[in-house]
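One structure is given below, encoded as structure tokens.
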Amino acid sequence: VVAFKFKETATKDDIKKVEDAFRALKNKIPQIADFEWGINNSPEKRDKGFTHGFILTFKSEKDRDDYLPHPAHEEFGKLVGPLLADVFVIDFWAKD
């Protein structure tokens with residue numbers, strides 16, 4: 001799970017480019033088994049300024065570990081990094 005808080009200076013166009021580029025990683029990095037994303041719509045007001053959430057699913061820790069240094073992921077980091085005020089990442093294996 002990845003959550004983004006954009007800088008106040010990030011424009012709607014900047015954010016759209018990030019959304020499109022993150023979605024495109026699913027087609028560039030075969031280790032991504034599934035990808036979901038959305039914009040925060042919680043009425044609880046506990047988002048701490050984070051507006052975008054992304055869920056990437058991997059079949060194994062190796063797939064996740066291969067994804068992290070993948071050139072397409074690193075290129076995405078160059079695009080998004082300057083636009084972010086903060087990022088939150090948590091990795092876990094779903095339990096029943």
Side-chain angles (χ1 to χ4, degrees):
V1 174
V2 180
F4 288 164
K5 179 193 301 188
F6 288 95
K7 292 179 179 176
E8 290 183 18
T9 55
T11 67
K12 288 183 182 183
D13 190 48
D14 290 333
I15 293 169
K16 174 80 168 107
K17 286 177 186 174
V18 169
E19 294 167 351
D20 292 345
F22 210 161
R23 270 198 325 268
L25 291 182
K26 172 95 168 66
N27 295 323
K28 296 178 179 181
I29 304 175
Q31 289 85 355
I32 300 173
D34 197 18
F35 178 89
E36 298 174 274
W37 77 283
I39 298 172
N40 179 48
N41 64 8
S42 173
E44 294 183 279
K45 308 251 187 261
R46 296 183 180 268
D47 54 67
K48 298 183 180 184
F50 287 85
T51 58
H52 287 63
F54 304 86
I55 301 171
L56 290 88
T57 302
F58 301 95
K59 292 183 180 179
S60 68
E61 285 186 38
K62 181 181 182 327
D63 282 354
R64 187 265 327 263
D65 293 347
D66 289 347
Y67 156 81
L68 292 171
H70 191 284
H73 181 238
E74 291 183 347
E75 190 66 26
F76 173 71
K78 291 176 188 173
L79 168 72
V80 71
L83 300 172
L84 293 181
D86 203 358
V87 61
F88 174 82
V89 178
I90 183 171
D91 294 347
F92 63 92
W93 290 108
K95 307 237 183 238
D96 294 333

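For this chain, numbers begin at 1 and follow the sequence in order.
Counting heavy atoms from C-beta on, the side chains of Y67 and L25 come closer than 4.5 Å. Within the 4.5 Å cutoff, the side chain of K62 has heavy atoms near those of the D66 side chain. For the pair E19/I39, a side-chain contact is recorded, criterion being any heavy-atom separation below 4.5 Å from C-beta on. Side chains of D65 and F58 form no contact here, defined as non-hydrogen atoms less than 4.5 Å apart. By the 4.5 Å heavy-atom criterion applied to side chains, I15 and L83 are not counted as neighbours.
Taking a cutoff of 4.0 Å between a charged side-chain nitrogen and a carboxylate oxygen, D20 and K17 do not qualify as a salt bridge.
Using the six-membered ring where Trp is involved, H52 and F6 have ring planes that are perpendicular, over 60° apart on the 30 and 60° scheme. Between W37 and F54, the ring-plane angle classifies as parallel under the 30° and 60° cut-offs.
Remark: D14 CG to L84 CG distance equals 11.0 Å, nearest 0.5 Å. Once rounded to the nearest 0.5 Å, the distance linking NZ of K28 with CD of E75 reads 8.0 Å. Atom CD1 of I32 and atom CG of N27 lie 9.0 Å apart (nearest 0.5 Å).
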> Given F22 and L56, is the side-chain contact (heavy atoms from CB on, under 4.5 Å) satisfied, shown in steps?
Replying inline: CA-CA 10 Å; F22 210 161; L56 290 88; 3.7 Å; yes
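Linking Ile, Leu, Val, Met, Phe, Trp and Tyr whenever their side-chain heavy atoms come within less than 4.5 Å leaves F50 and V18 in two separate clusters.
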